[in-house]
Amino acid sequence: VRCIVIGAGAVGCAVAWRLRQRGYSVTLVDRGPPAGEASQAAAGILSPQAEAHGPGPLFELSLKSREKWPAFAAELEQSSGMSVGYRRTGTRMLALDETEAAALAARADWQRAAGLRADWQAPALHLPDDHQVEPPLLGAALWAAAERSGARLVTGWARRILGDGARVTGVLVDDQPLDAERVVLAAGAWSSLVDGLPPLPRVRPLRGQLLELTGSPGLVESVVFGDGGYLVPRADGRVLVGSSEEEAGFVKQVTPEVLARLCRRALRLAPELASAAVTRFWSGLRPTTDDRLPVLGATALAGLIAATGHHRNGILLAPITAEIVAALVAGEPPAVELQPFSPAR
Ligand SMILES: Cc1cc2nc3c(=O)[nH]c(=O)nc-3n(C[C@H](O)[C@H](O)[C@H](O)COP(=O)(O)OP(=O)(O)OC[C@H]3O[C@@H](n4cnc5c(N)ncnc54)[C@H](O)[C@@H]3O)c2cc1C
């Protein structure tokens, strides 16, 4: 079976790697370098417990993917020969006033009731099982693993899904038709721009800006959530400060207004960062749907599988997404109930 994966972000590369491990012929199509978009820009928090607003299918999916992360990171490092910066630093959610404290105490209650570790000691909720990874390293490793396993990269725009009316038959890449029996749509924020798709929930770009500060290693020890955003410390002293959620179309711009907000947030959450150096800033486009759930599963066009719309959690969800897609291509039942994420919803 020949498979084409449209989009070589973290999702597309992970899918390609898993499909190659099952022996399928895999062509990744990307208009740019692998993992050059959202998967490069992300902070790398693997944090279902801090991200969830409550129990539900996305929370369950996220927990399942988090469980896979330690073994996924180890296997990926082995296959690629590269580090992915996976760290079990845990997450602290910090309350800055009484209302936030009450909300965090309630979060601790429902998460403990769900059997998870969540330790509330005012003013912070400690989530020891939420982890982090370094997305630029992850992207490079995923592409290396996919390539080493035999996936081929075609550089160009996937313009149109080709079909015979009932089944997918390939993809038009620039003006070149490529044949395939299975096509996986993993084009991130650009997914809805491909022609010839069956009806799918719309995926749109939601911009996020990030600031990187560099101080002494250990100034910030765990991921910190608070003030509407987060800090993500790397082992070498870099601390990412994120992020914004902006409807800005496909414009990847960094703005003084958001940078100023990120600087204030850094100092509120960790005043000891006041003399850190500003070392970098950037933005990326999250693939976001109206209901903020991923679009995952077989579509109305036989042979076309959607793996997109991962919004704020595509890095966290890459391992489980890749396994689900590989199972669908093989005609096996996926390990997760996909109805809530159905492309036909
Ligand atoms: C600021 C920011 C912080 C984030 N932090 C986190 C985090 O901490 N944890 C987390 O889990 N997630 C985080 N995310 C979300 C995460 O980055 C995304 O959900 C994830 O990267 C999506 O991966 P993807 O492979 O679907 O998309 P992308 O990485 O965007 O890849 C899509 C690829 O498809 C290609 N493409 C698109 N259309 C076409 C076409 N027609 N033809 C050819 N190629 C095409 C693009 O060039 C691109 O390479 C963050 C996102 C942002 C912006």
Side-chain angles (χ1 to χ4, degrees), residues 4-16 27-48 50-51 62 65-66 69 91 130-136 138-139 142-143 153-161 171-174 178 183-197 203 205-212 223 225 229-232 240-246 248 250 252 254 258 262 281-289 292 294-296 306-322:
I4 293 176
V5 181
I6 303 176
V11 172
C13 286
V15 165
T27 301
L28 270 161
V29 178
D30 203 299
R31 57 175 166 77
E37 290 288 355
S39 300
Q40 179 79 211
I45 304 166
L46 309 174
S47 200
E51 282 281 324
S62 301
S65 205
R66 185 182 70 180
W69 256 99
T91 296
D130 278 356
H131 307 147
Q132 62 156 295
V133 66
E134 200 165 329
L138 173 72
L142 278 171
W143 164 238
L153 179 69
V154 169
T155 302
W157 271 99
R159 303 260 174 220
R160 169 180 291 278
I161 306 293
V171 177
L172 186 69
V173 180
D174 294 327
L178 294 184
V183 173
V184 180
L185 179 67
W190 297 264
S191 295
S192 293
L193 302 183
V194 179
D195 287 336
L197 293 171
V203 181
L206 190 67
R207 185 168 75 192
Q209 301 186 35
L210 274 175
L211 168 68
E212 181 192 272
V223 173
F225 272 64
Y230 50 75
L231 304 180
V232 184
L240 305 195
V241 190
S243 181
S244 55
E245 285 196 359
E246 304 161 82
F250 289 96
K252 280 186 292 172
V254 173
V258 171
L262 296 178
F281 43 79
W282 64 92
S283 75
L285 303 176
R286 302 179 187 89
T288 298
T289 54
R292 305 212 156 190
V295 187
L296 203 48
T308 183
H310 290 83
H311 183 44
R312 291 173 61 98
N313 293 300
I315 302 298
L316 167 64
L317 294 172
I320 191 97
T321 300

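Small disclaimer: the values here were computed from a predicted structure and weren't measured. First listed ligand is number 1; within each ligand, the first listed atom is number 1.
Between Asp195 and Arg159 there is no salt bridge, since no side-chain nitrogen of the basic residue lies less than 4.0 Å from a carboxylate oxygen of the acidic one.
Checked against side-chain hydrogen bond (donor to acceptor under 3.5 Å, both in side chains), Arg292 has the following partners two or more places apart in sequence or in another chain: Glu245, His311. Listed by chain and residue number, Arg238 satisfy the side-chain hydrogen bond (donor to acceptor under 3.5 Å, both in side chains) test with Glu134 (two or more places apart in sequence, or in another chain).
Close contacts between ligand 1 and Gly208 involve ligand atoms 1 (C) [criterion: under 4.0 Å to a heavy atom]. Using a 4.0 Å cut-off to heavy atoms of Gly7, the atoms of ligand 1 that qualify are 33 (C), 34 (O), 35 (C). Which parts of ligand 1 touch Ser243 is read off a 4.0 Å heavy-atom cut-off, strictly below it: atoms 1 (C). Remark: ligand 1 atoms within the under-4.0 Å shell around heavy atoms of Glu37 are 30 (O), 46 (C), 47 (O), 48 (C), 49 (O). Residue Ala10 approaches ligand 1 through these ligand atoms, each under 4.0 Å from one of its heavy atoms: 25 (O). Less than 4.0 angstrom separates some heavy atom of Asn313 from each of these atoms of ligand 1: 10 (C), 11 (O), 12 (N). Under a 4.0 Å criterion applied to the non-hydrogen atoms of Val11, ligand 1 contributes the atoms 23 (O), 24 (P), 25 (O), 26 (O). Listed by number with element, the atoms of ligand 1 under 4.0 angstrom from any heavy atom of His310 are 19 (O).
When side chains are defined from C-beta on, Val171 does not count as touching Val29, because their heavy atoms never get closer than 4.5 Å. At least one side-chain heavy atom of His310 sits under 4.5 Å from a side-chain heavy atom of Thr321.
The CD1 atom of Ile315 sits 4.5 Å away from the OG atom of Ser39 when rounded to the nearest 0.5 Å.
Ligand 1 has an N or O atom lying under 3.5 Å from an N or O atom of Ala158, backbone or side chain. At under 3.5 Å, a nitrogen or oxygen of Gly44, whether backbone or side chain, sits near a nitrogen or oxygen of ligand 1. Between Gly284 and ligand 1, no N or O atom pair is found at a separation short of 3.5 Å. Residue contacts with ligand 1: Ile315 is placed with a nitrogen or oxygen under 3.5 Å of a nitrogen or oxygen of the ligand (distance criterion only). Here's the thing with Trp157: none of its N/O atoms is less than 3.5 angstrom from an N/O atom of ligand 1. At least one N or O atom of Ile45 sits closer than 3.5 Å to an N or O atom of ligand 1. Residue Ala307 places no N or O, backbone or side chain, under 3.5 Å from any N or O of ligand 1.
Distances from ligand 1 to the non-hydrogen atoms of Gly242 include no value under 4.0 Å.
Among Val223, Val241, Leu240, the single residue meeting the side chain to side chain contact (heavy atoms under 4.5 Å, CB included) criterion with Leu231 is Val241.
For the pair Thr308 (side chain) and Val295 (backbone), a donor-acceptor distance under 3.5 Å is absent. With Asp30 contributing its side chain and Leu153 its backbone, the two residues share no donor-acceptor pair below 3.5 Å. Checked by atom type and distance alone, the side chain of Ser65 pairs as donor or acceptor with a backbone atom of Ile320 at under 3.5 Å. Formation of a donor-acceptor pair under 3.5 Å by the Trp143 side chain with backbone atoms of Cys13 is not found in this model. Of the possible donor and acceptor atoms, none in the side chain of Ser283 sits under 3.5 Å from a partner among the backbone N and O of Gln209. At least one donor-acceptor pair under 3.5 Å links the side chain of Trp69 to the backbone N or O of Leu316. Of the possible donor and acceptor atoms, one in the side chain of Asp174 sits under 3.5 Å from a partner among the backbone N and O of Trp157.
For atom 51 (C) of ligand 1, the closest heavy atom belonging to the protein is Arg286 CG, 3.6 Å. Closest to atom 31 (O) of ligand 1 among all protein heavy atoms lies Gly9 CA, 3.4 Å. For atom 50 (C) of ligand 1, the nearest protein heavy atom (residue, atom name, distance) is Ala42 CB, 3.6 Å. Nearest protein heavy-atom contact of atom 44 (N) of ligand 1 is Arg31 N, 3.2 Å. Nearest protein heavy-atom contact of atom 11 (O) of ligand 1 is Leu316 N, 2.8 Å. Nearest protein neighbour of atom 30 (O) of ligand 1, counting heavy atoms only, is Ala38 N, 3.2 Å. Looking from atom 21 (O) of ligand 1 to the surrounding protein, the closest heavy atom is Ser39 OG, 2.9 Å. In this structure, atom 13 (C) of ligand 1 lies nearest to the protein heavy atom Arg312 O, 3.0 Å.
Distances from atom 20 (C) of ligand 1 to the heavy atoms of Ser62, Ala8, Gly314, Gly156 show the closest one on Gly314. For atom 49 (O) of ligand 1, the nearest non-hydrogen atom from the set Val29, Leu142, Asp30, Asp195 belongs to Asp30. When Pro294, Ala187, Pro48 are checked for heavy-atom proximity to atom 32 (C) of ligand 1, Ala187 turns out nearest.
Contacts between His311 and ligand 1 below 4.0 angstrom, taking non-hydrogen atoms only, involve the backbone exclusively. When heavy-atom distances to ligand 1 are checked against a 4.0 Å cut-off, Tyr230 comes that close only through its side chain, counted from C-beta outward. With a 4.0 Å heavy-atom cut-off, ligand 1 is reached by the side chain of Pro287 but not by its N, CA, C or O.
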With side chain to side chain contact (heavy atoms under 4.5 Å, CB included) as the criterion, how do Arg31 and Trp190 come out once you've worked through the C-alpha distance, each side chain's angles and the decisive distance to 0.1 Å? CA-CA 11 Å; Arg31 57 175 166 77; Trp190 297 264; 3.2 Å; yes
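In this structure, Ala307 and Val184 approach most closely via the heavy-atom pair CB-CG1, 4.1 Å.
Under 3.5 Å, the side chains of Ser243 and Arg286 contain a donor-acceptor pair of N or O atoms.
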